[in-house]
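Keep in mind that the numbers below use all heavy atoms, side chains included, and drop hydrogens, waters and symmetry copies. Every chain is numbered from 1, with letters handed out A, B, ... down the list of sequences.
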There are 2 protein chains.
Amino acid sequence: MFNKETEYALRSLVYIQHQNDRNIRPGIEEIAKEIEAPHAFTAKILQRLVRLGFVQSAKGRGGGFFFDPNKPVVTLHDLIQSTEGTRTYEGCGFGLKTCDDAHPCPLHFQYAPIRAALQKLVREESIQSLARNPHSHFKAATEK
Amino acid sequence: MFNKETEYALRSLVYIQHQNDRNIRPGIEEIAKEIEAPHAFTAKILQRLVRLGFVQSAKGRGGGFFFDPNKPVVTLHDLIQSTEGTRTYEGCGFGLKTCDDAHPCPLHFQYAPIRAALQKLVREESIQSLARNPHSHFKAATEK
DNA sequence: TTATAAAAGGACAATGGGGTCTTTTTATAT
DNA sequence: ATATAAAAAGACCCCATTGTCCTTTTATAA
Ligand code: FES
Ligand code: FES
């Protein structure tokens, strides 16, 4: 569904929150290994996310990544907006400039409800809700 | 939702079928202009689709693109498979190698039904069904 | 106060997506 | 047969994505 950067960002942040909930602040090497992502690239991505304020980091011995519990949760929409953009779940499936019930493309009436469900998903779910989802084991092997 | 190549391919083919239904075999210049796509790139894409047998072409004076009515319809899934691949609507939204109710990622139970709806859409709709959709005007302006 | 562990930063590189342009081939109208 | 109209083919280009690697900064532990 999403591009590599978004996937790595998603998995990284969920892993960080998951570990934070166990009082651990994981470092880059640990994160990259656990989420099965290239560590240098993951470092680049997290560096950006820290700059954006989505997550915090501590340098030096005993450092690592962590969330400030006083900050609002990071929704998937927030994250995706900052990486690949929301084109995937906003805008016309046919590529038209405007999407409008009054000027529908041939896909409109079938596609619009699905797109709306996607939008609801990314706006309602957050790094925190995913990290605390009791019905999941995210430490599965990751794709090629 | 889809990448440029898929969008241009989609719009081109729907336009060709639409014109064919009016006994017209449009050429590249006309197609590219109507669907608001770069004509040289559109030519490349259609060239590939002809090689793949999705659509036919006639060279020389009075030539153009057309569908063989005796061939089976081209589903969106067929088309997408031949361009960007089906990663967008198949596979795990979190990027895991396998998607499985028994080993769900944190997105699985919310994402799987939406993905299933997308799969149904691309498998049931075809260039022909879209071209003959009475509730649409695809000749709207197209995105940036 | 010095060694060490960790993140930050920056330069570089491979690949694919998204395109342009020119030449070649093929068919048709005259 | 020849001029013309059209698609096919191939060389090339730019830039975003997806990375790697090396140096620098910062914090802590001993
Ligand atoms: S106009 Fe295309 S999805 Fe609405
Ligand atoms: S395991 Fe991720 S969507 Fe099914």
### Task
For the pair Arg11(A) (side chain) and Thr6(A) (backbone), establish whether a donor and an acceptor sit closer than 3.5 Å, ignoring hydrogens and angles.
no
Between [atom2] of [N] and [atom1] of [X], the distance in whole Å:
X: Phe54(A); N: dA7(C); atom1: CZ; atom2: C1'; value: 19 Å
X: His39(B); N: dT20(C); atom1: NE2; atom2: C1'; value: 8 Å
X: Glu36(B); N: dG18(C); atom1: CD; atom2: C1'; value: 18 Å
X: Ile28(A); N: dA7(C); atom1: CD1; atom2: P; value: 6 Å

### Query
Looking just at side-chain N and O atoms, do Gln119(B) and Glu90(B) make a donor-acceptor pair shorter than 3.5 Å?
no
### Task
Could you tell me the separation between the CD atom of Glu34(A) and the OG1 atom of Thr42(A), rounded to the nearest 0.5 Å?
12.0 Å
### Query
5' to 3' on DNA chain D, which nucleotides open and close the contacts with chain A (atom under 4.0 Å from a heavy atom)?
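For DNA chain D, the relevant span reads dT18(D) to dA29(D).
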Under the rule for side-chain hydrogen bond (donor to acceptor under 3.5 Å, both in side chains), what residues qualify as partners of [X], not counting sequence neighbours?
X: Gln128(A); answer: Gln17(A)
X: Lys44(A); answer: none
X: Arg22(B); answer: His18(B)

### Query
Taking the six-membered ring of Tyr89(A), is NZ or CZ of Arg115(A) closer than 6.0 Å to its centre and within 45° of its axis?
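Checked: cation-pi criterion not met.
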### Query
Could you run down nucleotides 10-17 of chain C 5' to 3' and tag each one B, S or - for protein heavy-atom contact under 4.0 Å?
BB------
### Task
Can you tell me which residue pairs pass the ring-ring contact (aromatic ring centres under 6.0 Å, His included) test with a partner in residues 21-65 of chain B, sequence neighbours excluded?
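Residue pairs passing ring-ring contact (aromatic ring centres under 6.0 Å, His included), neighbours aside: Tyr8(B)-Phe41(B).
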### Task
Assign Ala58(A) to base, sugar-phosphate, or nothing according to its heavy-atom contacts below 4.0 angstrom with the strands shown.
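If one applies the 4.0 Å heavy-atom cut-off, Ala58(A) turns out to touch the sugar-phosphate alone, with no base involved.
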### Task
Map Gly62(A) and Pro38(A) onto DNA chain D by nearest heavy atom, then report which one ends up closer to the 5' terminus.
Pro38(A)
### Task
Give a yes/no answer on whether the side chain of Arg61(A) brings an N or O atom under 4.0 Å of OP1 or OP2 in dA7(C).
no
